[in-house]
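Just below is one structure, and these are the notes that go with it.
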Amino acid sequence: MVGSSRIAGMGRCVPERVLTNADLEQRVHTTDEWITARTGIRERRIAREDQATSDLALEAAREALRAASVSAEDLDLILVGTATPDALFPATACILQDRLGARASAAVDISAACSSFVYALAMGHAYIVAGMARRVLVVGADTLSKIVNWEDRATCVLFGDAAGAVVLVPSDGRRGILSFWLGSDGSGASLIAQPAGGSRLPASRETVERGLHYITMNGREVFKFATRVIPRAIEEACRRAGVDPEEVDLFIPHQANIRIIQAAAERLGQPLEKFFVNVDRYGNTSAASVPVALYEAVATGRLRSGDLAVLVAFGAGLTWGSCALRWG
């Protein structure tokens with residue numbers, strides 16, 4: 001077994017099409033001021049009609065492999081965290097494996113909604129620490145625009161499409177992943193859901209006519225859950241890593257809503273400047289949110305070698321996950 005794992009390379013993919021709040025004013029009864037004040041979102045990226053989740057994942061994965069100087073043929077495991085797979089089966093990870101040419105790799109999807117990337121990162125880390133893999137590709141990718149009801153202003157203003165990817169390799173423990181904390185509360189399963197399309201409500205004329213294949217969300221209850229669980233998850237990741245939140249150089253939260261991030265900073269007693277924010281440009285990209293934010297934090301110099309960071313996410317399920325890591 002090895003001591004830990006570290007991120008050797010990263011990649012991301014954001015679609016070219018930009019959908020602004022002004023654009024949404026032409027589609028639903030809303031305003032730029034209303035959206036910005038309640039969410040902090042000004043624009044989001046939307047995949048083309050012919051782009052699936054695996055297409056975004058492929059571009060992000062290729063960049064991550066190049067950055068890590070790792071060949072696809074050398075991958076032992078591919079994990080794709082997503083709530084919007086290309087199909088219920090086969091796994092999007094298997095489609096990605098074939099398109100990458102990663103012939104020696106196992107591949108599986110991880111479904112924990114917006115928490116999927118952190119969950120997948122924990123599983124990839126565990127495989128490396130247990131000696132079951134040496135090179136793991138972890139992807140968070142979603143195309144929520146495909147399952148959004150564009151007539152429902154409560155949800156359609158929130159979501160965008162993107163993919164982020166990292167390559168995990170063994171580490172001696174001085175740099176890399178320090179701790180994880182994952183959790184779930186299934187009693188809140190109905191708060192964020194796509195009700196139809198599975199075995200409970202199989203696809204039918206009735207479910208389509210009732211709009212049950214779209215995202216449904218109890219925004220008020222989700223907000224209350226998120227503002228409770230994010231500070232708790234950050235504190236627990238820090239406790240398990242043996243550090244104090246005061247020592248953290250940068251918090252990288254799920255980009256769901258600026259008010260949730262602000263509330264988390266206030267509850268932790270930390271300045272908002274220590275929280276990386278790009279929700280204004282991408283909206284909520286679900287599983288892609290944290291890896292895209294991590295990518296941009298490094299690219300812009302907000303996260304540097306030796307810095308201590310905490311990743312944190314929450315999502316449908318209800319689920320949550322946090323990870324403390326020493327960058328480098």
Sidechain-backbone polar pair: D98 side chain, I95 backbone, donor-acceptor under 3.5 Å
no

Does K146 reach the main-chain N or O of A52 with its side chain, forming a donor-acceptor pair under 3.5 Å?
no

What distance do C13 atom SG and Y295 atom OH have between them, rounded to the nearest 0.5 Å?
10.5 Å

C156 vs V28 side-chain heavy atoms within contact, under 4.5 Å:
yes

For residues 286-296, which residue pairs qualify under salt bridge (Lys or Arg N to Asp or Glu O under 4.0 Å), counting only residues two or more places apart or in two chains?
R12-E296, R281-E296

D172 side, atom CG; S4 side, atom OG - distance, nearest 0.5 Å:
8.5 Å

Connected via hydrophobic side-chain network under 4.5 Å: V298 and V248:
no

To the closest 0.5 Å, what do you measure between CD (E16) and CD1 (I46)?
13.5 Å

Salt bridge or not for E221 and K224, using N-O below 4.0 Å?
yes

Could I get the full list of side-chain contact (heavy atoms from CB on, under 4.5 Å) partners for A72, not counting sequence neighbours?
L65, L100, A102

Other cluster members, V14 - Ile/Leu/Val/Met/Phe/Trp/Tyr, side-chain contacts below 4.5 Å
Y282, V292

Can any side-chain N or O of R153 pair as donor or acceptor with the backbone N or O of H29 at less than 3.5 Å?
yes

Before giving the answer on side-chain contact (heavy atoms from CB on, under 4.5 Å), spell out for T216 and I192 the whole-Å C-alpha distance, their side-chain angles and the decisive distance to 0.1 Å.
CA-CA 6 Å; T216 63; I192 320 173; over 6 Å; no

Counting only N and O atoms by type, is there a donor-acceptor contact under 3.5 Å from the side chain of S322 to the main-chain atoms of A233?
yes

Does the cation-pi check pass for R259 over F223, that is, NZ or CZ under 6.0 Å from the six-membered ring centre and within 45° of its axis?
yes

Derivation of the side-chain contact (heavy atoms from CB on, under 4.5 Å) call for L121 and L311
CA-CA 11 Å; L121 193 69; L311 318 180; 4.0 Å; yes

Identify the two heavy atoms, one from S115 and one from G321, that lie closest to each other, and give their separation to 0.1 Å.
OG-N, 4.4 Å

Report yes or no: do I260 and F275 belong to one cluster of Ile/Leu/Val/Met/Phe/Trp/Tyr joined by side chain heavy-atom distances under 4.5 Å?
yes

Where is the tightest heavy-atom contact between S116 and S111, given as atom of each residue plus distance?
OG-C, 3.8 Å

Separation between NE2 (H125) and CG (L325), nearest 0.5 Å, reads 10.5 Å

Here the pair of heavy atoms bringing M10 nearest to I7 is CG-CG2, 3.7 Å

Are I147 and M217 co-members of a hydrophobic cluster defined by side-chain heavy atoms under 4.5 Å apart?
yes

Please list, one pair per line, the donor and acceptor atoms closer than 3.5 Å that link side chains of residues 249-256 to other protein atoms, with sequence neighbours excluded.
residue : atom : partner : partner atom : Å
D249    : OD2  : L308    : N            : 2.8
H254    : ND1  : S289    : OG           : 3.1
H254    : NE2  : N284    : OD1          : 3.4
Q255    : OE1  : N278    : N            : 2.9
Q255    : OE1  : V279    : N            : 3.1
Q255    : NE2  : P253    : O            : 2.8
Q255    : NE2  : F276    : O            : 3.0

Distance check, rounded to the nearest 0.5 Å: F180 atom CZ versus M123 atom CE?
10.0 Å

With sequence neighbours excluded, residues passing side chain to side chain donor-acceptor pair (under 3.5 Å) with D142:
T82, T84, S286

Side-chain polar contacts of residues 128-139 - donor-acceptor pairs under 3.5 angstrom, sequence neighbours left out - could you list them?
none

Listed partners of T30 passing side chain to side chain donor-acceptor pair (under 3.5 Å), at least two apart:
none

Do V70 and L79 sit in one hydrophobic cluster, given that two such residues count as connected whenever their side-chain heavy atoms are within less than 4.5 Å of each other, even indirectly?
no

Check the angle between the aromatic planes of F314 and F225 and answer parallel, tilted or perpendicular using the 30° and 60° thresholds.
perpendicular

In this structure, would V118 and V229 fall into the same cluster of hydrophobic residues linked by side-chain contacts under 4.5 Å?
no

Excluding sequence neighbours, so at least two apart, what forms ring-ring contact (aromatic ring centres under 6.0 Å, His included) with W181?
W320

For the residue pair V208 and R205, establish whether any side-chain heavy-atom pair is separated by less than 4.5 Å.
no

Can you list the residues that meet the salt bridge (charged side-chain N to carboxylate O under 4.0 Å, His left out) rule with R239, with sequence neighbours excluded?
E236

Could you state the interatomic distance from CZ (R232) to CD1 (I234), rounded to the nearest 0.5 Å?
13.0 Å

I'd like to check the salt bridge (charged side-chain N to carboxylate O under 4.0 Å, His left out) partners of R210; sequence neighbours left out, ordered by chain and number.
E206

side-chain contact (heavy atoms from CB on, under 4.5 Å) evaluation trace for C238 with V310:
CA-CA 8 Å; C238 288; V310 173; 4.0 Å; yes

Do the side chain of E247 and the main chain of D244 share a donor and acceptor less than 3.5 angstrom apart?
yes

Looking at I41, is its backbone amide N or carbonyl O close enough to the side chain of N21 to form a donor-acceptor pair, meaning the two atoms are under 3.5 Å apart?
yes

Checking side-chain polar atoms at under 3.5 Å, does T143 have a donor or acceptor matched by the opposite partner on T53?
yes

Given T285 and L144, is the side-chain contact (heavy atoms from CB on, under 4.5 Å) satisfied, shown in steps?
CA-CA 7 Å; T285 58; L144 291 178; over 6 Å; no

If only atom types and distance count, is the side chain of T36 paired as donor or acceptor with the main-chain N or O of G40 below 3.5 Å?
no

Results of salt bridge (charged side-chain N to carboxylate O under 4.0 Å, His left out) for D55 - residues two or more places apart only:
R99

Within 45° of the six-membered ring axis of W327 and under 6.0 Å from that ring's centre, is NZ or CZ of R6 located there?
no

Between E266 (side chain only) and A263 (backbone N and O only), is there a donor and an acceptor less than 3.5 Å apart?
no

Are any non-hydrogen side-chain atoms of L318 and S184 less than 4.5 angstrom apart?
no

Verdict with supporting geometry, D86 and S54, side-chain hydrogen bond (donor to acceptor under 3.5 Å, both in side chains)
CA-CA 7 Å; D86 286 19; S54 66; 2.6 Å; yes

Got a donor-acceptor contact below 3.5 angstrom from the T319 side chain to the A112 backbone?
yes

Going through the checks in order, is the side-chain hydrogen bond (donor to acceptor under 3.5 Å, both in side chains) test met by S145 and D161?
CA-CA 7 Å; S145 67; D161 305 330; 2.6 Å; yes

For A287 and G81 the tightest heavy-atom approach is CB-O, 3.3 Å

Answer yes or no: are there more than 12 heavy-atom neighbours, outside E151 itself, under 6.0 Å from its atom CD?
no

My understanding is that only residues two or more places apart in sequence, or in another chain, count here; which of them pass salt bridge (charged side-chain N to carboxylate O under 4.0 Å, His left out) with E246?
none

Taking R326 for the side chain and I177 for the main chain, is one N or O donor matched with an acceptor at less than 3.5 Å?
no

